[in-house]
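Take a look at the structure set out below.
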Amino acid sequence: MAAKKLAFIISRVLGPVPLLCFLWLVVALKSGIGIWRALWVYPLILLVTLLFPIALTTYLVIVKKVADIEWKNIADRRKFLVPIGIYSVSTLIILSYLLTNPTTFHLVLLFCAIIVITIIIYAFTNFKISGHIIVATATIANINLFYHQKFLWLFLLLIPIIWARYTLKVHTLSELIGGFFLTAGILFLGLFLFGYPAVS
């Protein structure tokens, strides 16, 4: 019981929402967009592309249209998660193009590629790749891109996240490891094709 409580706390503290907020802050500070503009641009993008879908998912669970917030049911994923994902990707691309700069926009395109592939896997297979590991890997990788590989040790944070999600029986080990390799593969491909982002 104590292990599950600890796993739950780790899942929330190092979950997608806190890590994405932190990632946006790093990008805002280092991409050259300027802190004053970032104070309203990044919260707006997060609100529209992330918090609205989370609120909608929570509502669907409360009214019992979706079995659970972890999207374990493949029929739920096809019916609700796919359109929610399309909405998030579309608004993220549009708002980033209109409100940010090329550095941020290129990173957003890479992240959207990860999201789209994940949604396809979710919709057509029973392989429920880990969103927690995807976001954690993307966050840590981008921190190292912006700070010139000074924080490679942060990848060790993936270990407690993997343990937590496995302990809560939300994912198999292959689904957790798959989240890392999917994200790392797309980011490496992006670096190979486009080079390192311009950082201040």
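Heavy atoms only: backbone and side chains are in, while hydrogens, waters and symmetry mates are out.
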In one Ile/Leu/Val/Met/Phe/Trp/Tyr side-chain cluster, 4.5 Å: Val170, Val61
no
Does Leu50 reach the side chain of Leu20, with side-chain heavy atoms less than 4.5 Å apart?
yes
From Phe151 atom CZ to Asn142 atom CG, the distance as rounded to the nearest 0.5 Å
14.0 Å
Please report the interatomic distance CD1(Ile143) to CZ(Phe146), rounded to the nearest 0.5 Å.
10.0 Å
Thr167 side chain to Lys4 main-chain N or O, any donor-acceptor pair under 3.5 Å?
no
Among Ile162, Leu182, Ile177, find the one that has a side-chain contact (heavy atoms from CB on, under 4.5 Å) with Ile133.
Ile162
For the hydrophobic clusters of this structure (ILVMFWY residues joined by side-chain heavy atoms under 4.5 Å, transitively), does one cluster hold both Phe188 and Leu23?
no
Could you check if a side-chain atom of Leu81 sits within less than 4.5 angstrom of a side-chain atom of Asp76, using non-hydrogen atoms only?
no
Between Arg78 (side chain) and Ala123 (backbone), is there a donor-acceptor pair under 3.5 Å?
yes
Side-chain contact, heavy-atom cut-off 4.5 Å: Leu56 with Tyr87?
no
How many angstroms lie between CG in Leu51 and CG in Leu46, if you round to the nearest 0.5 Å?
6.5 Å
Provide the closest heavy-atom pair for Cys112 versus Ile93 in the form atom of the first, atom of the second, distance.
SG-CG1, 3.6 Å
Shortest non-hydrogen separation from Phe127 to Tyr122 and the atoms involved:
O-CD1, 4.3 Å
Distance in Å, Thr172 OG1 paired with Ile129 CD1, rounded so as to fall on 0.5 Å steps
10.0 Å
hydrophobic_cluster_shared for Phe8 and Leu176, side chain cutoff 4.5 Å:
no
Whether Trp71 and Phe80 hold their rings parallel, tilted or perpendicular, with breakpoints at 30° and 60°
tilted
Over all heavy atoms of both residues, which pair between Ile10 and Trp163 is shortest? Give the atoms and the distance, please.
CD1-CZ3, 3.9 Å
Taking all non-hydrogen atoms of both residues, which atom of Leu99 and which atom of Leu44 are closest, and how far apart?
CD1-CD2, 3.9 Å
Phe181 versus Thr137: any side-chain heavy-atom pair under 4.5 Å?
no
Taking everything shown except Tyr166 itself, do over 12 heavy atoms lie less than 6.0 Å from its OH?
no
Using a 3.5 Å distance criterion without hydrogens, assess whether the side chain of His132 forms a donor-acceptor pair with backbone atoms of Leu14.
no
Are the side chains of Val66 and Tyr59 in contact, using a 4.5 Å heavy-atom criterion?
no
Are Phe22 and Leu156 in one and the same hydrophobic cluster, where Ile, Leu, Val, Met, Phe, Trp and Tyr link if side-chain heavy atoms are under 4.5 Å apart?
no
Looking at every heavy atom in both Ile161 and Ala136, which two are closest together, and how far apart are they?
CD1-CB, 3.7 Å
Considering only heavy atoms from C-beta outward, does the side chain of Ile45 approach that of Leu92 to under 4.5 Å?
yes
dist Ile140:CD1 -> Thr183:OG1 (nearest 0.5 Å) comes out at 10.5 Å
Any side-chain heavy-atom pair from Leu107 and Phe111 closer than 4.5 angstrom?
no
Co-membership, hydrophobic cluster, residues Val17 and Val26, 4.5 Å side-chain:
yes
Quick one: do Glu70 and Arg165 satisfy salt bridge (Lys or Arg N to Asp or Glu O under 4.0 Å)? Show the steps, please.
CA-CA 11 Å; Glu70 301 288 354; Arg165 302 305 283 168; 2.9 Å; yes
Minimum-distance pair of heavy atoms, taken over all atoms of Leu187 and Leu110:
CD2-CD1, 4.3 Å
Check whether any side-chain heavy atom of Ile84 sits under 4.5 Å from a side-chain heavy atom of Thr57, and report yes or no.
yes
About how many Å separate CG of Leu95 and OG1 of Thr49, when rounded to the nearest 0.5 Å?
7.0 Å
